[in-house]
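These notes are about the structure you will find just below.
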Amino acid sequence: QVLLQESGGGSVQAGGSLRLSCAASGRTFSTYDMGWFRQAPGKEREFVATISRSGGRVYYADSVKGRFTISRDNAKNTVYLQMNSLKPEDTAVYYCAREASRSPFPVVVRHEYDYWGQGTQVTVSS
């Protein structure tokens with residue numbers, strides 16, 4: 001069983017920043033690619049960013065490229081999402097997830113991620 005726990009969400013004004021963290025249990029964290037997804041009210045859960053197991057490769061959705069940065073610290077079993085220049089359309093519940101399919105990087109589809117956190121709310125006001 002793998003537990004993922006997000007933190008760092010909150011409410012900010014447009015143009016502000018937040019840093020999300022996702023702490024993982026277990027000893028195999030460094031052997032899996034990790035991802036961030038988000039889900040806005042009434043919308044499907046969508047891909048945001050992913051990072052390879054070593055942290056050497058990253059990939060972003062076009063909607064966040066240049067504003068968000070994904071990183072990880074394998075010694076701390078933690079993956080981060082630094083979000084800058086936030087926009088109202090970034091408002092959503094943000095989830096971290098473990099990529100399980102071992103498909104070639106990057107993996108952007110939900111069903112290839114097996115463990116998910118409970119989510120953290122991010123609200124951006126205009």
Side-chain angles (χ1 to χ4, degrees):
Q1 181 76 4
V2 174
L3 296 178
L4 301 175
Q5 179 70 53
E6 302 96 337
S7 61
S11 297
V12 296
Q13 291 191 327
S17 297
L18 284 172
R19 188 193 196 203
L20 306 184
S21 299
C22 172
S25 65
R27 300 179 181 178
T28 61
F29 177 78
S30 63
T31 66
Y32 289 89
D33 298 345
M34 297 294 294
W36 285 97
F37 288 73
R38 67 186 181 185
Q39 187 166 17
K43 294 189 177 182
E44 294 288 318
R45 192 171 300 187
E46 65 175 4
F47 168 79
V48 173
T50 183
I51 187 166
S52 63
R53 60 206 66 180
S54 70
R57 292 175 292 174
V58 296
Y59 183 82
Y60 301 96
D62 287 344
S63 57
V64 306
K65 199 173 298 182
R67 301 187 298 121
F68 290 12
T69 302
I70 188 172
S71 61
R72 67 191 295 162
D73 185 337
N74 286 341
K76 295 182 178 180
N77 275 19
T78 302
V79 60
Y80 305 98
L81 186 67
Q82 177 67 44
M83 306 185 295
N84 297 330
S85 302
L86 283 161
K87 304 176 181 180
E89 51 263 44
D90 295 318
T91 295
V93 177
Y94 283 71
Y95 300 89
C96 68
R98 188 184 79 168
E99 198 281 310
S101 70
R102 305 296 193 178
S103 297
F105 186 89
V107 175
V108 303
V109 292
R110 288 176 52 187
H111 68 260
E112 297 201 11
Y113 288 76
D114 58 353
Y115 287 99
W116 295 78
Q118 85 292 342
T120 186
Q121 176 70 47
V122 171
T123 302
V124 185
S125 58
S126 57

Is the backbone of [Y] close enough, under 3.5 Å, to the side chain of [X] for a donor and an acceptor to pair up by distance?
X: E6; Y: C96; value: yes
X: E99; Y: S101; value: yes
X: T120; Y: Y94; value: no

Determine, step by step, whether K65 and D62 satisfy the salt bridge (Lys or Arg N to Asp or Glu O under 4.0 Å) criterion, reporting the C-alpha distance in whole Å, the side-chain angles of both residues, the deciding distance to 0.1 Å, and the verdict. CA-CA 5 Å; K65 199 173 298 182; D62 287 344; 3.0 Å; yes
Identify, with sequence neighbours excluded, every residue that meets salt bridge (charged side-chain N to carboxylate O under 4.0 Å, His left out) alongside R72.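 Result, salt bridge (charged side-chain N to carboxylate O under 4.0 Å, His left out) vs R72: none returned.
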Check the hydrophobic clustering (I, L, V, M, F, W, Y; side-chain heavy atoms under 4.5 Å; chains of links allowed) and say if W36 and Y32 are grouped together.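 Looking at the clustering, Y32 is in a separate group from W36.
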Hydrogens and angles aside, do E112 and S103 bring a side-chain donor and acceptor to less than 3.5 Å of each other?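 Checked: E112/S103 side chains pair up, N/O donor to acceptor below 3.5 Å.
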Strictly by modelled atom types, are Q121 and T123 linked by a side-chain donor-acceptor pair under 3.5 Å?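 Checked: Q121/T123 side chains pair up, N/O donor to acceptor below 3.5 Å.
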Steps toward salt bridge (Lys or Arg N to Asp or Glu O under 4.0 Å) verdict (R38, D90): CA-CA 9 Å; R38 67 186 181 185; D90 295 318; 2.9 Å; yes
Mind checking who shares a hydrophobic cluster with V109, ILVMFWY linked at side-chain heavy-atom distances under 4.5 Å?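 Besides V109, the hydrophobic cluster comprises F37, F47, Y59, V93, Y95, F105, V107, V108, Y113, W116, listed by chain and residue number.
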For the CG atom of D114 and the CZ atom of R98, what is their distance to the nearest 0.5 Å?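 Reported to 0.5 Å precision, the distance equals 4.0 Å.
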Charged tip of R53 within 45° of F29 ring normal and under 6.0 Å: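 Not satisfied by the 6.0 Å and 45° rule.
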Name every donor-acceptor pair, under 3.5 Å, that has one atom in a side chain of residues 78-86 and the other anywhere in the protein, sequence neighbours excluded.
unit_1: T78; atom_1: OG1; unit_2: K76; atom_2: O; d: 2.8
unit_1: Q82; atom_1: NE2; unit_2: N84; atom_2: OD1; d: 2.9
unit_1: N84; atom_1: OD1; unit_2: S17; atom_2: OG; d: 2.9

Y115 side chain near L3 side chain, heavy-atom distance below 4.5 Å: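 SC-SC contact between Y115 and L3 ruled out.
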Heavy atoms only: give me the nearest A24-L4 pair and the separation to one decimal.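 Answer, listing the atom of A24 first, then L4: CB-CD2, 3.5 Å.
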